[in-house]
2 protein chains.
Amino acid sequence: MATMAEVAREAGVSVATVSRLLNQQGTVSPNTAERVYAAIKKLSYEPNLLARNFRKSESRVILILAPNVTNPYYAHILSGIGDAAAGMGYAALIFTTGDDPARERDALEMLKKHRADGAILIASDMGCHWLLEYADRYPIVQCSEYDPEVDIPHVSIDNYQASQESMEFLIALGHRRIAMISAENAYISTRLRVNAYRDTLARHGIAPREDYIAPASHDYSFKSGKLRAKELLGMNPRPTAIFCISDTLALGAITAAKELGLRVPEDVTVVGFDDVEHTTMLHPYITTVAQPCYELGKQSAHLLYARMTQGKEIPRQTILKHQLIVRESSAPPDLLE
Amino acid sequence: MATMAEVAREAGVSVATVSRLLNQQGTVSPNTAERVYAAIKKLSYEPNLLARNFRKSESRVILILAPNVTNPYYAHILSGIGDAAAGMGYAALIFTTGDDPARERDALEMLKKHRADGAILIASDMGCHWLLEYADRYPIVQCSEYDPEVDIPHVSIDNYQASQESMEFLIALGHRRIAMISAENAYISTRLRVNAYRDTLARHGIAPREDYIAPASHDYSFKSGKLRAKELLGMNPRPTAIFCISDTLALGAITAAKELGLRVPEDVTVVGFDDVEHTTMLHPYITTVAQPCYELGKQSAHLLYARMTQGKEIPRQTILKHQLIVRESSAPPDLLE
DNA sequence: ATAGACCATGTAATCGATTACAGTAAACGA
DNA sequence: TCGTTTACTGTAATCGATTACATGGTCTAT
């Protein structure tokens with residue numbers, strides 16, 4: 001592979017001139033430029049990014065940490081980040097952490113080693129104070145999850161407000177015995193959604209029953225949603241609606257209901273969260289709160305970019321709009337029962 | 001950030017000694033080693049990968065090209081590649097091509113620029129002779145899709161055999177009017193599956209009807225699967241079974257059947273392909289051919305690694321095992337109709 | 001006692017770009 | 001006309017690691 005020096009020799013100029021031409025720095029006469037371009041073509045020269053990045057001390061890579069890439073919610077965020085990064089001339093290095101802070105930490109070491117210029121963390125647990133050690137020294141943006149007590153810029157939706165709307169909707173339909181499938185994780189979204197669940201019930205004079213709140217596994221697995229739903233639907237009195245904090249869990253709940261011989265929504269209403277493809281794949285289509293996943297990723301990337309390149313102060317919090325989407329899995333409770 | 005020279009000064013040795021110690025090259029006395037480690041700790045030194053990679057002329061990055069990251073089939077492959085790469089000390093740079101050869105080509109330029117040491121291509125179209133231009137000069141492995149006429153190592157399953165088994169299964173159940181939802185793409189898998197569909201019918205003395213083969217959109221979208229299935233199920237005589245080349249399409253077909261008031265599998269049998277999570281998310285659970293997605297990705301990464309590091313000749317073709325999984329969406333046709 | 005092997009370490013070149021600085025020539029302004 | 005920009009180009013230092021080669025000291029075998 002030809003080097004810049006060879007191109008320079010071929011064109012009869014110095015490397016400085018070639019470099020200036022390629023980087024649009026300084027000036028180069030049209031005549032010389034033409035000769036250089038000819039030489040580049042002749043030798044089919046390609047700049048060596050290893051050398052360039054080393055010299056400029058930048059990697060043009062952004063690190064992305066996600067629990068996994070198979071959950072469609074994360075996949076869409078990754079998609080948004082990836083597209084935005086590509087548009088800005090950055091490459092996205094995706095690391096999966098499996099929700100393990102140790103692996104998260106390992107991956108962040110990449111910043112110290114100059115393998116990446118900045119990082120976007122998707123779904124960090126609460127209580128991530130140790131993150132500040134990195135955030136103070138490197139550009140970092142959190143996407144979707146964050147800790148309100150930790151001062152790192154983040155992009156998310158208003159989980160409390162969204163859950164409240166969902167609950168208000170159920171109550172307005174006439175539901176009183178509303179259960180919830182949450183998750184055994186330390187995400188802020190989970191906490192806010194549970195808070196909103198309790199608060200909204202209370203505000204309507206309905207005493208929240210703790211045994212109506214069933215935590216699914218930390219990764220929102222379909223299987224565990226089904227399991228928890230079966231437990232909930234076996235209780236007496238049986239809840240007439242289940243508020244799930246993810247669509248996968250909602251799908252699990254619907255499957256559970258069907259296996260118990262219950263109809264959705266006639267016998268039990270199920271609502272989800274996120275609005276991933278699953279919601280409209282089989283009937284009943286799922287009522288859910290739509291999150292702008294792709295946009296969350298895109299915004300995160302743009303913020304990080306601003307922080308990395310212009311060293312700009314970026315807003316601590318960016319909240320994008322959610323939307324309650326009513327479909328087939330919700331209906332008024334059957335009051336005759 | 002401290003440099004190796006500073007560490008060397010602090011420890012009272014030369015940079016060569018520090019480097020040797022860190023790379024386990026040559027020998028360093030225990031005494032010296034201790035002093036160096038102390039210096040590293042004191043200065044909290046981290047090697048600069050930009051410098052190291054530049055010097056060694058390797059990026060320790062592998063390029064991954066996929067049409068998108070949201071299709072669960074690709075997501076699982078990516079997962080396998082990512083884990084394997086991390087285990088080998090490589091980082092995975094994921095680029096989405098949207099099935100656009102131009103973007104695929106652009107991404108491959110990264111190899112020339114030394115941004116990556118090798119590449120794994122997921123789902124390249126047939127007729128990708130131009131790929132040889134890169135494959136001849138850089139380590140490249142294709143995963144899942146490939147072109148038998150293009151000599152690039154690839155990892156896949158036996159699509160023909162798998163489809164044949166699926167068809168034999170349907171015929172053994174008693175189905176004669178079997179339709180197929182394929183796709184409008186140029187993948188080898190699509191071609192082999194269609195071929196196996198035709199051949200197997202013919203071998204059983206059933207004349208394939210061309211209008212029973214409906215191509216869905218190139219990305220196997222749920223929506224287009226539903227659309228095609230509605231057309232097929234509206235035909236006279238109506239097919240009693242539909243062989244779909246992806247689970248998403250199968251899900252679309254099941255939804256279509258339900259919307260038409262048909263029961264699955266009593267009125268129509270639907271079988272899928274891939275075995276992604278969707279298959280067991282709602283009843284009827286889908287009968288399908290399982291592909292070892294994660295393993296496909298992992299193997300691809302290992303092959304690429306062998307090729308990159310030992311320059312070894314690697315096998316041109318690696319075929320992993322598939323498995324027909326019979327679930328609820330298939331049953332003998334109702335012969336009373 | 002001495003050659004040869006081996007160990008521990010240092011010196012300095014090297015990878016391929018970017019860029020500060022300097023120099024020359026032409027253009028310009030008064 | 002002379003000083004001063006301005007346009008264009010070249011020289012060489014530089015980024016931070018790796019590594020070929022050289023050096024001096026120890027140990028071993030004859």
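Because only heavy atoms are used, hydrogens play no part in the values below, and waters and symmetry mates are left out as well, while side chains stay in. Just so it is clear: chains get the letters A, B, ... in the order the sequence lines come, proteins before strands, and each one is counted from 1.
- Under the 4.5 Å side-chain criterion, counting only non-hydrogen atoms from C-beta, A/Q291 is in contact with A/Y73.
- Across all strands, B/T27 comes closer than 4.0 Å to base atoms (heavy-atom distances).
- Distances shorter than 4.0 Å separate some side-chain N or O of B/T17 from OP1 or OP2 on C/dG10.
- Within the 4.5 Å cutoff, the side chain of A/V141 has no heavy atoms near those of the A/I152 side chain.
- Once you apply a 4.0 Å limit to the heavy atoms of chain A, the touched nucleotides of DNA chain D run 5' to 3' over D/dA7 to D/dG16.
- Here the side chains of A/T32 and A/L21 are not in contact, with every heavy-atom distance at 4.5 Å or above.
- Using a 4.0 Å cut-off on heavy atoms, the residues of residues 32-46 of chain A that approach DNA chain D are A/T32, listed by number.
- One side chain, B/Y134 or B/E109, offers a donor N or O that lies under 3.5 Å from an acceptor on the other.
- Side chains of A/L49 and B/F54 form no contact here, defined as non-hydrogen atoms less than 4.5 Å apart.
- Residues A/Y138 and A/K112 meet the side-chain proximity criterion, which asks for heavy atoms closer than 4.5 Å.
- Residues from residues 49-56 of chain A placing a heavy atom under 4.0 Å of any atom in DNA chain C, listed by number, are A/A51, A/R52, A/F54, A/R55.
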(message) Is there a side-chain contact (heavy atoms from CB on, under 4.5 Å) between B/L131 and B/L108? Walk through the geometry before answering.
(response) CA-CA 9 Å; B/L131 265 181; B/L108 284 174; 3.5 Å; yes
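- Taking the six-membered ring where tryptophan is involved, the planes of B/H154 and B/Y146 are essentially parallel, since the angle between them stays under 30° and well short of 60°.
- Computed from C1' positions of five pairs at each end, the angle between the two local axes of the helix from C/dA1-D/dT30 to C/dA30-D/dT1 equals 30°, rounded to 10 degrees.
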Check nucleotides 21-28 of chain C for protein N or O atoms closer than 3.5 Å to its own N or O atoms and list the pairs.
none

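- Counting heavy atoms from C-beta on, the side chains of A/E133 and A/R105 come closer than 4.5 Å.
- Residues B/N53 and B/E58 come closest through the heavy atom pair CB-O, 2.8 Å.
- Salt bridge B/D117/B/R60: absent, no basic N to carboxylate O contact under 4.0 Å.
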Side-chain donor-acceptor pairs under 3.5 Å in residues 91-98 of chain B, sequence neighbours left out?
unit_1: B/T97; atom_1: OG1; unit_2: B/A66; atom_2: O; d: 3.4
unit_1: B/T97; atom_1: OG1; unit_2: B/D99; atom_2: N; d: 3.2

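- At a threshold of 4.5 Å between non-hydrogen side-chain atoms, the residues A/V61 and B/R115 count as touching.
- Between A/V15 and B/N23, it is A/V15 whose nearest contact on DNA chain D lies nearer the 5' terminus.
- A heavy-atom distance below 4.5 Å is found between the side chains of A/S124 and A/Q142.
- Taking 4.0 Å as the cut-off between side-chain N and carboxylate O, A/D83 and A/K298 do not count as a salt-bridged pair.
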